[in-house]
S.K.: 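After the structure tokens below, expect a handful of questions from me.
The chains referred to below are lettered A, B, ... by the order of the sequence lines, with proteins before strands, and numbering in each begins at 1.
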Amino acid sequence: MKRTVGIITNSSNMTNLDGLIGHRSIHTIPIGGKYRLIDFPLSNLVNLNEDIYIGVIGSYNYRSLVDHLKQGQDWNLSRKSNDLLVLQGDRSVKIAPVGRLSVQDFLDNEPFFDKLPEEVENIIISGCNIVANLEMEKILEEHQETNADITMLYKQNYQGYMLDQELFLQLENNEVKKIYYSSNKVQNQNLFIDTFIIKRTVFLNMLREAKRRRIIDFIEIIQQCLDQIHIHSYPVSGYVKMIHSLQAYYECSMELIKCATHVELFKNQRKIYTKSKDNHPTVYGQLAKVKRAMVASGAIVNGSIEDSIVFRNTNIGHGAKVKNSIIMQGAVVGEDAVVVNAILDKNVRIRPGEFITSHTTEPILIKKRSD
Amino acid sequence: MKKANTIAMLLAGGQGTRLEDLTINNAKPGVMFGGKYRIIDFSLSNCFHSEIYTVGVMTQYKPLLLNRYIGNGNAWALDKMNQGVYILPPYMRENNAEWYKGTADAVYQNIEFIEMFEPEYVLILSGDHIYQMDYSKMIEQAEETNADLVICTREVALEEASRFGIVELNETNRIIDFEEKPNEPKNNLASMGIYVFKWTVLKDVLLTDHSNEHSSNDFGHDIIPKLITDNKRVFAHIFHGYWRDVGTVDSYYKANMDLLKNRDDFNLTSEHLRVYSNNPNREPHFIGEHAMIHNSLIADGCYINGNIVQSIISQDAIIEEDAIIKESILLGNVKVRRGAIIEKAIIADNAVIEENARIGDVQSDNVTLFVREVQS
């Protein structure tokens with residue numbers, strides 16, 4: 001049986017997320033009430049419904065990643081035929097510049113790629129910070145039908161916060177003609193969503209070439225091969241968000257509590273999987289008031305919640321008000337406290353009566369305790 | 001001190017006819033409870049907390065959902081090497097093939113299974129009790145008193161006593177008399193149907209009981225009275241915590257509602273003896289624009305846009321705008337359409353409550369049970 005290999009990268013050049021990363025790997029930024037960022041790309045790969053071998057390139061702080069994934073059982077990846085491996089990564093991030101798609105991270109795992117069996121035809125490479133529920137099965141099928149060397153995924157008319165330098169594709173009959181960075185946020189551009197399918201043999205050749213020529217960004221080597229190989233493109237329909245900054249993170253969270261986005265991402269036949277925990281159902285007290293919110297199990301709610309995401313094992317005290325906010329797991333909002341336009345990181349405690357709000361359009365981030 | 005080698009045998013075979021249509025497709029221990037649990041989660045979690053990692057689950061009536069739910073026991077961390085949860089349906093032997101005839105017969109038919117683990121003690125459990133308990137205290141008591149059998153007991157209201165096996169003790173808690181479901185109970189100390197047997201003693205009495213054709217092969221009716229008559233060392237362990245037999249619709253409803261009463265002795269939010277369950281992968285629930293939720297439990301995967309008061313909503317429920325749910329229990333995957341009103345009712349799995357429908361009555365003394373019509 002042909003096997004596909006999935007690689008999830010560490011997107012280590014996303015420095016705009018520093019506040020949320022702190023002691024954790026970018027893969028494990030909590031999102032959507034019970035998920036971590038990596039759950040989306042990982043579920044997209046698992047939902048291919050075929051035997052798959054997945055390598056996750058770790059990052060500098062990989063403890064949280066290994067803790068989250070364990071042996072992959074919650075993604076159905078601990079079977080003999082379905083496998084998960086955490087690869088090393090980010091070795092050079094503190095001492096040298098890294099590319100958008102770090103060649104060094106691939107080279108550090110050369111034995112992994114060299115040992116892949118011959119029957120592995122394709123490698124799916126995905127960033128770890130893409131919130132979407134992708135029809136990966138169909139995309140892989142099209143990649144095979146068109147006999148492309150590479151199929152790059154893009155989003156047309158991307159709506160949402162963008163960085164100053166985003167990567168776009170110029171197309172002609174679905175062929176990629178040019179890959180370019182732009183800060184020019186004009187409509188009708190095709191934003192590359194850091195996900196592509198590449199033939200194993202093509203990948204290995206390009207990797208050798210990049211190594212020989214000391215290219216640090218894998219995107220650069222693809223750019224240089226544009227006229228020699230067949231690069232197909234695939235327009236992703238539906239909800240896609242690139243989480244590369246605190247603003248994008250907040251924007252995405254607020255969209256998850258819109259019914260349509262919620263249904264598309266979570267009520268899909270393709271499930272988004274995450275680590276399971278033994279939590280009691282959410283407890284709502286006599287005076288709880290909740291509207292337009294996503295609330296996870298294990299939470300105890302006695303106050304009011306509006307337009308917010310409330311994670312597992314949180315406690316919203318009597319008389320507390322939470323609005324336009326994200327309350328991560330284990331956080332406690334004391335009695336009569338007010339939290340507006342804020343992100344409370346894991347285990348943050350807001351004292352009774354305390355008032356937390358942002359004075360700008362950007363949300364305020366209350367960081368995790370350093371212990 | 002090294003723990004005595006104990007395995008648990010859990011009786012999960014009963015049809016549970018008094019739970020009426022809740023057990024239409026499912027054995028009683030597999031019925032949902034408290035929004036995300038199944039009744040059997042309580043016993044299996046107790047086993048884990050008591051460091052008993054080998055559990056034989058004797059199933060007979062409609063075991064399919066239960067088998068699938070239990071799997072290898074990993075949800076309760078019981079999948080230790082060479083241990084774990086084993087589903088034990090009746091099976092065919094060289095000369096005969098029989099169903100489990102009574103509780104004792106079910107264990108009798110699994111003597112070979114039990115012997116594989118060479119236990120010192122065998123803990124007998126029921127799959128339809130709601131309680132959190134550390135069994136190791138019972139096992140310690142058995143060791144300390146050199147008991148042949150320790151029966152877990154608790155005080156019940158005197159008027160209820162005739163539903164239970166009632167024990168009479170001497171000053172060392174040794175049981176000097178046992179009456180199963182007496183018409184005129186002498187006191188109110190009731191057997192909870194949880195037993196720790198010395199395996200050698202249990203095996204003997206099971207073999208004798210099996211060859212006695214007048215026996216109904218039941219622990220309460222036959223085995224325990226026999227051990228007491230034979231002057232075996234039978235002791236009572238007295239349990240003080242929350243415990244409910246949820247064998248009837250009414251008791252099942254009341255035990256669920258107890259979860260909403262902030263009781264100190266029955267609180268699933270505490271870490272102590274936490275109840276584990278086989279967690280389905282579901283997103284956090286979604287609360288819409290028109291929702292109002294008071295004093296309720298809501299599981300993952302739900303979409304809530306109606307009014308929920310004093311109720312327990314299990315996973316994947318869809319509650320549309322203007323629907324009202326009061327003092328009710330929704331089991332998994334129930335849809336409640338706009339304007340429907342549900343009061344003091346139990347809505348079984350997969351039911352759809354149509355627009356403006358009315359089910360149950362908050363003023364009524366009885367709980368209404370609504371089951372999805374079975375398509376033929």
S.K.: More than 12 non-hydrogen atoms from neighbouring residues, nucleotides or ligands closer than 6.0 Å to CG on Asn67(B), yes or no?
M.R.: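 More than 12 within 6.0 Å, yes.
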S.K.: Any side-chain heavy-atom pair from Val57(B) and Ile40(B) closer than 4.5 angstrom?
M.R.: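 Side chain of Val57(B) against side chain of Ile40(B), heavy atoms only: contact under 4.5 Å found.
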S.K.: Heavy-atom pairs under 4.5 Å with chain A: which of His294(B), Arg282(B), Gln315(B), His285(B) has the most?
M.R.: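 Most heavy-atom pairs within the cutoff with chain A belong to His285(B).
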S.K.: Once you measure the plane-to-plane angle for Phe33(B) and Phe266(B), does it fall in the parallel (<30°), tilted (30-60°) or perpendicular (>60°) bin?
M.R.: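 Phe33(B) vs Phe266(B) ring planes: tilted.
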S.K.: Answer yes when Lys254(B) and Asp258(B) have at least one side-chain N-carboxylate O distance shorter than 4.0 Å, and no when they do not.
M.R.: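 Salt bridge absent between Lys254(B) and Asp258(B).
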S.K.: Can His27(A) and Ser25(A) be counted as having a side-chain donor-acceptor contact under 3.5 angstrom?
M.R.: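 The answer is yes; a qualifying pair exists.
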S.K.: Mind checking whether Tyr37(B) and Trp76(B) have ring centres under 6.0 Å apart?
M.R.: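 No; Trp76(B) has its ring centre 6.0 Å or more from that of Tyr37(B).
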S.K.: Which one of Cys302(B), Ser277(B), Pro280(B) has the most heavy-atom pairs closer than 4.5 Å to chain A?
M.R.: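 Looking at each of Cys302(B), Ser277(B), Pro280(B) in turn, Ser277(B) comes out on top.
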S.K.: Is there a donor in the side chain of Asn305(B) and an acceptor in the side chain of Glu320(B), or the other way round, less than 3.5 Å apart?
M.R.: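 The answer is no; no qualifying pair exists.
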S.K.: As a quick check of understanding, evaluate side-chain contact (heavy atoms from CB on, under 4.5 Å) for Tyr284(A) and Met292(B), giving each step before the final call.
M.R.: CA-CA 10 Å; Tyr284(A) 289 94; Met292(B) 293 236 296; over 6 Å; no
S.K.: If the contact rule is any heavy atom under 4.5 Å from chain B, which residues of residues 303-339 of chain A qualify, in numerical order?
M.R.: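 From residues 303-339 of chain A, none sit under 4.5 Å of chain B.
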S.K.: Scan side-chain atoms only and decide if His280(A) and Asn267(B) contain a donor-acceptor pair under the 3.5 Å cut-off.
M.R.: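 Note: His280(A) and Asn267(B) side chains miss the donor-acceptor criterion.
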S.K.: Tell me, out of Leu297(B), Ile293(B), Ile298(B), Val309(B), who's got the most heavy-atom pairs with chain A below 4.5 Å.
M.R.: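 Sorted descending by pairs with chain A, the first entry is Ile298(B).
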S.K.: Should the pair Trp243(B) and Tyr131(B) be assigned to parallel (<30°), tilted (30 to 60°) or perpendicular (>60°) ring geometry?
M.R.: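 Ring orientation, 0 to 90° scale: perpendicular.
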S.K.: For chain B, which residues of residues 257-272 of chain A have at least one non-hydrogen atom nearer than 4.5 Å to it?
M.R.: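 Ile257(A), Lys258(A), Cys259(A), His262(A), Phe266(A), Lys267(A), Lys271(A), Ile272(A) fall under the 4.5 Å cut-off.
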